[in-house]
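Values in this document were obtained by computation on a predicted structure and should not be read as measured data.
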Amino acid sequence: MEPWSDGGIFAIMIGFMRKNRLSTLSLAVLVLGQLPLSAFAAGPCTVSALDTVAGLGTQVTISGCAGAGTTSLSLRGPSGTSSYTQQISLDAAGSAMTLIPSKHTFNAGSYDVTAAGVSTTFSVIADRADDGHSKFTASPVSIRSNGQDPVTVTAILRDKYDNPVAGRPIALISSRASDEVNALSAQTDENGRMLWTVRATESGPMTLIPYDIVSAKQLKLRADISVTGGSVNPLRAALTSFGGDGDITGDLTSSVIDHLELSLPQNVTEVKANELFSMNVKAMNGTSVVRGYVGTLIVESSDPDAELPKKGEDPKTPETGRIDMRSVDQGERKLSLIFVLRKRGAQTITVYDKLDPSVKGEITLNVTRDGGTDNEMITIKSPLDRTSIKSSTVRLQGTAPSLVNLKVKGGLSTVDGETDAEGVFRIDVPLNPADKEVTLFVTSENGTMESEPVHLIIDNEAPEISTVSIDPPEGKTEEPANLTVKTEANLASVTAEFNDATLTLAGSGTLYAAQMTAPKEAGTYDIKITATDSVGNASTMLTKWTVKPRQMPIVSGVKAESQPLQVSITWNEIDTVPIAEYTIYIADEQDPGNYLYSISTKKPVTSAVIKDLPLGKTYQFSLTAVNPDGQESTEKSEPATASPLGMSFTAKSGKDSLFLEWSELKDLPLDHYILEYGTEPGVYPEKRSIKGEARSFMLRDLLNDVTYELKLTPVTVTGKTMNDLASVTRGTPSGTGFTPGVDDPVPPDISDTLHPGANLPPPPPPYVPDVPETPGSGIPSMVGALMVLAAVVGGFMWRSSVKQRKMTQEFLSAMQQRYHS
């Protein structure tokens with residue numbers, strides 16, 4: 001059974017009640033019984049079976065056995081006899097699942113299942129109470145309305161398979177509100193029986209109705225009681241019964257009846273084969289007949305071909321018959337010309353009470369058959385006894401004395417025939433097409449000889465194919481699938497025609513299974529199922545199976561490792577399908593949905609090294625697998641992230657300078673960087689040291705229009721020079737413009753517009769030297785020299801001031817262009 005969700009249990013229970021007429025309690029127990037009972041392991045195998053409801057069958061699971069093979073499963077019912085066996089095929093893991101057909105779980109009780117030398121048990125509970133098999137009795141049928149006289153009401157609940165419905169709370173409803181109803185127990189006992197007493201205080205008709213509390217349903221059983229104000233009806237001790245296939249007084253059966261007595265008229269003990277005879281059945285207590293006995297009796301015979309009263313009406317035991325003991329029989333039932341025995345010799349007929357099998361009776365009769373010596377006997381050679389046939393006519397072949405007129409009885413009509421000179425006969429016998437079984441025998445025309453009977457099973461119906469299931473329902477090209485067909489057990493063959501091939505399905509009970517492989521091409525394919533029984537009846541069913549292109553597996557176990565200037569990637573190998581190559585998708589971690597690059601491995605490898613990725617970024621790596629046909633995984637793998645270890649190192653041109661920038665080395669504590677540069681590749685005559693926390697540097701005093709190669713090497717706080725993480729770049733000073741750097745001093749006359757809101761101190765007043773005294777006439781030489789010197793100095797100062805203003809203007813223009821463009 002499939003597992004049930006909590007939210008769907010109510011809907012499923014209602015569906016089962018409508019389809020199978022199960023009671024709510026039975027379904028509830030079935031739901032609770034979905035966990036398998038404990039399996040007792042002997043060795044590596046385990047066997048488990050699910051509890052079930054009568055007539056539903058169950059599932060048996062075998063697991064943990066040592067590899068593939070076959071094993072035998074046997075079922076032992078509550079009676080202790082083996083009732084069912086089947087052969088089971090184990091898969092490569094030593095496991096199998098099979099179903100026990102419903103026809104083997106009609107009887108409620110505990111069942112033993114044995115497979116692979118291991119046993120377990122499961123329980124079968126009774127189904128809901130069935131009105132046709134349950135009993136409802138009331139005694140007496142008339143009481144006085146004095147509130148003292150009681151009516152004893154008995155309900156015996158059975159399901160449709162005659163299993164007692166035990167543990168069921170039943171309410172008794174009276175048609176009158178004033179009646180007093182007292183239950184003598186809370187629920188039905190192990191025999192499905194429950195008792196009440198009812199008393200009345202007003203006159204008039206009373207109707208009593210049993211009500212199933214669990215299923216909230218009235219049973220279709222009624223008891224009508226007459227309540228009078230005068231004396232009690234003289235039939236006070238009589239018993240009124242309603243419903244069912246026979247009346248049962250449960251409280252009298254086991255306590256009063258101790259055995260049954262069987263006898264033939266005139267107490268004869270010998271009967272002729274194939275002839276009707278009568279029998280008397282008495283309910284006895286010691287040597288006295290129990291006149292009040294009412295019950296149902298089961299009839300069995302040692303002769304499997306015997307004709308018994310109402311034989312075959314019970315689907316659980318079709319070989320048994322039934323006798324109903326009614327109240328009018330007064331404990332003694334005379335059954336006229338209803339029994340037939342066919343087997344020669346001593347045959348025993350057994351009759352027992354259905355509720356209490358210990359109450360029984362037996363009679364052994366000697367069955368005789370007319371005939372001559374062994375050489376003069378009539379023998380049927382073909383068909384053999386218990387043979388299944390597919391025809392409305394059967395040919396009996398056998399031997400008898402030569403040139404004897406014969407008659408064949410048991411068919412649609414009596415057929416005449418004769419033997420030839422060699423004593424061989426061949427007689428075609430028409431059969432009743434409505435019969436499922438027939439017993440034939442041959443007699444001589446004068447009645448002095450008679451053959452042993454031949455019991456034949458007539459099977460003119462093709463097997464019914466109940467279901468065809470394919471797992472998975474939608475196939476994938478070149479992948480295996482399991483085909484399972486549910487039909488009748490013990491068929492001669494079940495085959496499937498698929499893709500120009502014929503598969504033979506192996507049977508296990510009513511299930512037949514085979515494994516098939518989907519074609520290479522996708523599409524919708526026809527599968528023709530043919531089931532053939534032992535006599536050649538065949539039925540077919542056509543189903544379709546959709547096959548889609550096989551989906552490539554998703555790559556798993558992707559790992560990425562950061563390495564100097566590269567990233568190493570590894571992943572798990574896919575070995576379930578052929579792989580031609582893998583595709584690696586690369587995205588920026590900040591934008592994972594935008595795959596910047598894709599790289600093919602060209603081979604079915606499980607690792608790769610990714611180089612030449614721009615440094616200073618973290619990347620996300622996802623993979624797909626590609627088969628030889630070019631089909632790619634429908635989904636990318638779970639991503640892995642890493643970044644190549646190294647720095648992105650750039651140089652921007654400036655006048656007589658290069659502005660250098662580089663990325664941070666994460667998780668690597670640095671003390672400083674070593675900057676080396678020169679004008680020849682690989683030759684670095686100049687060297688500088690830069691602080692470890694710096695991310696840029698202005699390199700000055702360079703020659704314009706000359707290309708420099710620069711190398712930046714990090715040094716850790718432990719003094720280790722990380723040569724494998726060194727980065728190299730090139731740059732050419734342009735000779736025009738200005739590129740500010742972190743080491744550029746701020747000019748002293750920069751205005752407030754550089755940093756809005758800043759309060760810069762006012763510039764100092766210009767320095768004016770003291771004016772020397774002037775002589776009375778002319779200009780002294782010393783004074784002249786000082787004037788010349790002052791003029792020269794003043795010129796230089798003016799030129800320097802002009803140059804400084806120009807540099808400030810260029811700096812402000814560069815800053816404006818860089819930060820406000």
Side-chain angles (χ1 to χ4, degrees), residues 558-571 584 586-592 596-597 599 605-622 639-654 657-703 706-733 739-744:
V558 179
K559 298 179 181 179
E561 179 184 359
S562 299
Q563 295 180 351
L565 306 179
Q566 64 186 23
V567 173
S568 175
I569 304 175
T570 60
W571 57 90
I584 304 172
I586 306 172
D588 192 327
E589 185 185 34
Q590 303 301 321
D591 189 10
L596 306 174
Y597 319 99
I599 303 172
V605 295
T606 57
S607 63
V609 174
I610 311 298
K611 299 182 179 180
D612 300 327
L613 290 173
L615 302 176
K617 292 183 178 181
T618 299
Y619 297 92
Q620 175 178 287
F621 302 90
S622 299
T641 57
S643 59
L645 298 177
M647 299 173 295
S648 59
F649 186 32
T650 59
K652 295 181 181 179
S653 300
S657 63
L658 292 172
F659 182 66
L660 308 179
E661 290 182 304
W662 56 91
S663 60
E664 179 185 5
L665 286 175
K666 296 181 179 180
D667 303 324
L668 186 64
L670 300 180
D671 180 74
H672 64 280
Y673 296 92
I674 299 175
L675 176 63
E676 301 172 90
Y677 61 96
T679 57
E680 297 182 18
V683 179
Y684 310 112
E686 298 293 332
K687 181 183 296 187
R688 300 279 184 89
S689 178
I690 304 174
K691 294 181 179 180
E693 62 270 16
R695 297 291 175 269
S696 62
F697 183 77
M698 177 66 76
L699 184 61
R700 301 180 182 279
D701 301 327
L702 303 177
L703 298 175
V706 175
T707 300
Y708 290 84
E709 183 174 285
L710 305 99
K711 178 180 180 182
L712 187 65
T713 305
V715 179
T716 65
V717 292
T718 60
K720 181 178 179 180
T721 302
M722 308 298 291
N723 291 315
D724 55 349
L725 299 181
S727 295
V728 177
T729 190
R730 289 181 175 84
T732 303
T739 302
V742 295
D743 292 336
D744 292 321

Visitor: I'd like to check Ile674 versus Ser689 (side-chain heavy atoms, cut-off strictly below 4.5 Å). Are they in contact?
Guide: no

Visitor: State, yes or no, whether a side-chain contact exists between Ser653 and Phe659 at a heavy-atom distance under 4.5 Å.
Guide: no

Visitor: Please tell me whether Tyr684 and Glu709 have a donor and an acceptor in their side chains that are separated by less than 3.5 angstrom.
Guide: yes

Visitor: Do Leu710 and Phe649 come close enough that some side-chain heavy atom pair is under 4.5 Å?
Guide: yes

Visitor: So which heavy atom on Leu725 is nearest to which on Met647, and how close?
Guide: O-CE, 3.6 Å

Visitor: Could you give the distance from NZ (Lys652) to CE (Met698), rounded to the nearest 0.5 Å?
Guide: 10.0 Å

Visitor: Can you measure from CD (Gln563) to NZ (Lys611) and round to the nearest 0.5 angstrom?
Guide: 9.5 Å

Visitor: For Gly646 and Ser663, which heavy atoms make the closest approach, and how far apart are they?
Guide: O-OG, 4.1 Å

Visitor: Any side-chain donor paired with an acceptor under 3.5 Å for Thr707 and Thr732?
Guide: yes

Visitor: Which value, rounded to the nearest 0.5 Å, describes the distance between Tyr708 atom OH and Glu686 atom CD?
Guide: 9.0 Å

Visitor: Would a 4.5 Å heavy-atom cut-off, applied to side chains only, mark Lys617 and Asp588 as touching?
Guide: yes

Visitor: Would you say the side chain of Leu645 lies within less than 4.5 Å of the side chain of Pro564, judging by non-hydrogen atoms?
Guide: yes

Visitor: Could you tell me whether the side chain of Leu658 reaches within less than 4.5 Å of the side chain of Leu702, counting heavy atoms only?
Guide: yes

Visitor: Ser562 side chain to Ser643 main-chain N or O, any donor-acceptor pair under 3.5 Å?
Guide: yes

Visitor: Tell me the closest heavy-atom pair linking Val558 and Phe621, and the distance in Å.
Guide: CG1-O, 4.2 Å

Visitor: Is there a side-chain contact between Leu660 and Leu675, using heavy atoms and a 4.5 Å cut-off?
Guide: yes

Visitor: Is a side-chain donor or acceptor of Trp571 paired with a backbone partner of Val605 at a separation under 3.5 angstrom?
Guide: yes

Visitor: If only atom types and distance count, is the side chain of Thr618 paired as donor or acceptor with the main-chain N or O of Glu589 below 3.5 Å?
Guide: no

Visitor: How close do Ala651 and Arg730 get, heavy atom to heavy atom, and via which atoms?
Guide: CB-O, 3.9 Å

Visitor: About how many Å separate CD1 of Ile584 and CD1 of Ile586, when rounded to the nearest 0.5 Å?
Guide: 7.0 Å

Visitor: Return the CG to OG distance between Leu699 and Ser657, rounded to the nearest 0.5 Å.
Guide: 8.0 Å

Visitor: Is the shortest side-chain heavy-atom distance between Ile610 and Ile599 below 4.5 Å?
Guide: yes

Visitor: Rounded to the nearest 0.5 Å, how far does NZ of Lys687 lie from OG1 of Thr713?
Guide: 9.0 Å

Visitor: Mind running side chain to side chain contact (heavy atoms under 4.5 Å, CB included) on Asp612 and Tyr597 for me, showing each step along the way?
Guide: CA-CA 12 Å; Asp612 300 327; Tyr597 319 99; over 6 Å; no

Visitor: Which residue pairs satisfy the side-chain hydrogen bond (donor to acceptor under 3.5 Å, both in side chains) criterion with at least one member in residues 714-724, sequence neighbours excluded?
Guide: Thr716-Thr718

Visitor: Under 3.5 Å, side chain of Tyr677 to main-chain N/O of Leu712, donor-acceptor pair present?
Guide: no

Visitor: Centroid separation under 6.0 Å, is that true for the rings of Phe697 and Trp662?
Guide: no

Visitor: Do the charged groups of Arg695 and Glu661 touch, with an N to O distance under 4.0 Å?
Guide: no

Visitor: Show the nearest heavy-atom pair for residues Thr729 and Thr650, with the distance to one decimal.
Guide: OG1-CA, 4.0 Å

